[in-house]
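Taking it in order: structure first as structure tokens, then the write-up.
Below, chains carry the letters A, B, ... as their sequence lines are ordered, and counting in each starts from 1.
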Amino acid sequence: MTVTKDKNSVLHLGIDLGTSRSSVSASNGERHVVDSYIGWPVDMVARKLVKKPVMFGQEALENRPMLDLHRPLERGLIKEGSEKDELAVRELIRHMISLTKPHDGQKVLAVVGVPAEALRVSRQHLRNSVKGVADSLMIVSEPFAVAYGMNALLHTMIIDIGAGTTDFCVMKGRYPTDEDQRTLTNAGDSVDDQLATMIRTRVPDAQFSIHMVRGWKEKWSFIGEPSGVVEVTVPVGGKPTNIDITTEMRRACESLLPPITETTLDLISRVEPEYQETVRHNIILAGGGSQIPRLAQALEAALKDVGGGRVTPVDDYVFVGSNGSLAIALDAPESDWEKLPG
Amino acid sequence: MLREAVADNLATIGGLLPRPRKRASRSSWVGWALLAAVALLLLGTLKPTSAGRGKPQPEEMVGAAIPALPDHDQTETGTPPGLDAPRAIDPALFRLAVRRVVVDPGHGGSDPGAMMRGMREKEITLDIARRVAAVLRADAFEVLMTREGDETLTLQERVQAANSAGGDVFLSIHVNSIPEPLRRGVETYVLGPTSDPHVERLAGAENSGSGYSLSDFRRLLEGVYVDVRHDESRRFAQAMQGRMFAALRRVNPDLEDRSVKQAPFVVLVGTEMPAVLTEVSCISNEEDARLLRQNDYRQKIAEALAAGVRTYAAARGLGATVANRGPGGM
């Protein structure tokens with residue numbers, strides 16, 4: 001009886017607040033993902049057209065000419081001093097909570113995973129931004145949430161390749177400290193920027209947006225030898241033209257390899273010697289970047305010089321973070337939740 | 001582990017407990033009133049020269065110290081009768097010496113900076129900074145380092161250290177990492193807005209530990225665009241870049257002069273003295289990386305940087321070094 005009553009009166013949520021996409025997993029089984037865009041109509045005309053006071057995700061992106069569009073965690077950091085971006089974080093989390101359909105009067109206990117750099121640099125600011133969105137709320141670093149959800153808490157390394165940042169975290173059986181974590185800005189957005197620059201250099205008159213480039217990357221990214229031609233159609237001087245971007249795609253994606261490899265090796269070298277091999281064989285790739293074909297194999301090849309290793313991409317990269325946060329939410333004792341305000 | 005996560009959150013909340021809003025005290029009203037008066041004075045003085053020319057220029061800001069006359073005394077063009085348009089005051093008039101050099105080795109501690117080919121930026125910058133300090137001290141400059149070892153320092157802490165030390169010039173040392181591995185060279189940055197995507201990315205990366213984002217800086221810079229140090233920082237940067245390129249090209253003939261550029265780096269925004277950020281090599285380039293491993297090459301970089309400081313101090317007539325300054329120096 002007590003359990004049933006608790007189930008109905010409390011909704012546990014795990015939220016992965018990402019630079020590009022955010023996902024939520026709820027104890028009532030609801031799971032949702034939205035692009036991390038929030039937009040407000042720029043004026044009365046726009047408001048009349050979009051018929052909504054605020055738009056989220058893909059819908060916001062599609063209507064961006066009429067919106068004041070925000071991506072609040074660009075480069076993995078919340079923009080301090082920008083009220084609109086603070087509001088955007090709050091609205092996004094509110095929206096995600098609403099997607100899980102909590103009952104009236106149901107207590108919402110949420111764990112929000114954020115990019116490690118955002119937590120390191122702006123933890124108080126972040127906390128302030130999310131104030132009041134839930135009855136009780138805990139913020140954790142995203143790699144920790146991933147590790148917790150996968151029960152990979154000891155002698156494991158998580159490499160979370162997101163849009164704004166790539167976060168590294170070595171799990172040593174304790175809550176990770178700053179020393180156990182690293183953040184690089186070589187991530188999905190930097191691949192997009194490079195790809196766009198390279199295409200623009202080769203075909204100066206090609207017209208495309210960074211959103212189009214992001215779409216191409218998500219569809220055709222790869223590392224190593226190409227398995228086919230990557231061709232896109234863009235207007236060149238107003239005329240739809242096919243462009244072969246195979247070489248550019250490969251170079252942009254492979255630009256992630258040197259910094260990720262170096263950081264991985266550096267973090268492993270800091271692990272106590274007797275556990276280094278175990279960590280090398282327990283590397284988990286998470287985040288959207290983990291889906292780049294042959295990235296894991298390329299990292300494994302780089303580990304051969306130091307005795308070899310195993311790199312495993314997560315199966316469900318969209319929800320692995322929010323599922324981990326949900327696991328934390330469910331495991332945290334009630335007494336701890338009582339101490340944490342929303 | 002969860003307990004630690006909770007404790008971490010509680011600590012954060014502890015630092016954020018909302019404080020009751022205080023009514024503004026009389027003294028704070030006086031402070032605001034004074035600030036407002038100063039702002040009005042500045043606006044009044046800037047108006048005649050900046051009208052129709054977009055953003056006010058640094059020299060206008062220097063000249064802003066001249067009090068504005070009441071409106072009815074102004075001519076149609078806005079220039080008060082009997083007064084010349086404000087002009088920049090040449091710092092050389094003050095005979096200011098360059099005595100204290102703040103040397104800032106980039107990154108450190110948990111922030112390794114760029115890492116490639118088994119090298120870490122934080123170690124290279126510290127080594128070069130120590131060498132620069134040794135050369136400058138031998139020239140009788142007073143040198144302060146923002147970090148002496150492998151320490152984690154926020155950008156604000158570096159800025160505060162430089163300001164509280166009363167440094168005459170600020171030199172931040174970094175090593176570049178460029179996505180195009182064939183590119184190599186040296187470049188020097190002064191404070192300013194930029195629209196160059198490469199520089200934006202670089203500034204975004206270097207500023208990542210500051211708590212701010214690039215867009216905040218751009219807004220900040222555009223709002224308070226006038227930087228009275230700008231001309232001096234640029235001269236300092238040109239001296240550094242010129243010396244670095246000339247010295248290193250002898251041993252590295254393919255070196256690219258990537259020139260003096262503007263960027264909104266936090267350490268350049270917050271420091272109160274002429275300040276530059278140097279990218280002394282490209283670790284992403286194989287040949288530069290090979291050279292960076294060599295002590296001789298690092299020493300050459302250090303000597304070139306020290307020569308840049310000397311050149312700036314001497315060529316501007318701001319007083320020479322302590323050892324060389326003549327009777328007219330301070």
Side-chain angles (χ1 to χ4, degrees), chain A residues 74-82 85 111 117 119-128 131 137-141 144 148 153 165 171 173-179 181-186 190 193-194 196-198 251-252 255 258-259 262-263 265-266 328 331-333 336-337 339-341, chain B residues 1-18 109-123 152 154-156 177-181 196-198 200-220 283-284 286 289:
Chain A
E74 208 148 11
R75 292 190 178 93
L77 290 170
I78 185 166
K79 295 177 188 170
E80 282 195 30
S82 164
D85 284 307
V111 172
E117 186 71 353
L119 191 60
R120 190 175 77 82
V121 173
S122 330
R123 63 178 63 213
Q124 292 199 328
H125 194 66
L126 201 55
R127 181 92 214 173
N128 211 23
K131 205 188 293 184
L137 187 138
M138 194 188 320
I139 300 175
V140 297
S141 84
F144 170 65
Y148 197 91
L153 299 172
T165 57
M171 293 305 301
R174 64 176 191 223
Y175 188 65
T177 64
D178 283 353
E179 291 296 316
Q181 301 184 79
R182 290 272 192 284
T183 295
L184 297 175
T185 49
N186 307 80
S190 69
D193 288 346
Q194 284 189 48
T197 305
M198 284 189 275
R251 281 177 60 197
S255 70
E262 294 277 347
T263 308
L265 294 176
D266 179 62
I328 295 170
D331 287 354
D336 280 342
W337 278 120
K339 295 179 206 160
L340 293 165
Chain B
M1 213 178 282
L2 280 182
R3 194 161 293 144
E4 287 174 71
V6 171
D8 191 59
N9 274 264
L10 288 173
T12 305
I13 295 162
L16 257 192
L17 283 177
S110 61
D111 170 17
M115 294 196 299
M116 282 201 178
R117 301 176 170 87
M119 290 191 287
R120 285 184 287 201
E121 185 180 357
K122 65 172 183 176
E123 285 157 7
T152 306
T154 65
L155 299 176
Q156 291 96 324
S177 174
I178 304 174
E180 300 136 86
D196 178 339
H198 161 70
E200 281 189 339
R201 250 197 322 275
L202 180 66
E206 299 288 9
N207 289 341
S208 66
S210 73
Y212 297 93
S213 76
L214 189 57
S215 64
D216 295 321
F217 281 121
R218 291 191 69 164
R219 204 166 45 250
L220 181 69
I283 199 173
S284 46
E286 202 174 334

Report which part of A:Asp266 has an atom under 4.5 Å of a heavy atom belonging to chain B: side chain, backbone, both, or neither. side chain
Between B:Asn9 (side chain) and A:Ile139 (backbone), is there a donor-acceptor pair under 3.5 Å? yes
Heavy-atom distances under 4.5 Å only: say whether A:Thr263 touches chain B with side chain, backbone, both or neither. both
In Å and rounded to the nearest 0.5 Å, what is the OG to CG distance from A:Ser141 to B:Asp8? 9.0 Å
Does B:Ser110 reach the side chain of A:Gln181, with side-chain heavy atoms less than 4.5 Å apart? no
Rounded distance (nearest 0.5 Å) linking atom CD1 of B:Ile283 with atom CD of A:Glu262: 7.5 Å
Enclosure of B:Glu286 CD (heavy-atom neighbours >12, cutoff 6.0 Å): no
Return the set of residues passing side-chain hydrogen bond (donor to acceptor under 3.5 Å, both in side chains) with B:Glu123 (not counting sequence neighbours), or none when no residue passes. B:Arg120
Residues in side-chain hydrogen bond (donor to acceptor under 3.5 Å, both in side chains) with A:Arg174, at least two apart? A:Asp180
Could you check if a side-chain atom of A:Tyr148 sits within less than 4.5 angstrom of a side-chain atom of B:Leu2, using non-hydrogen atoms only? yes
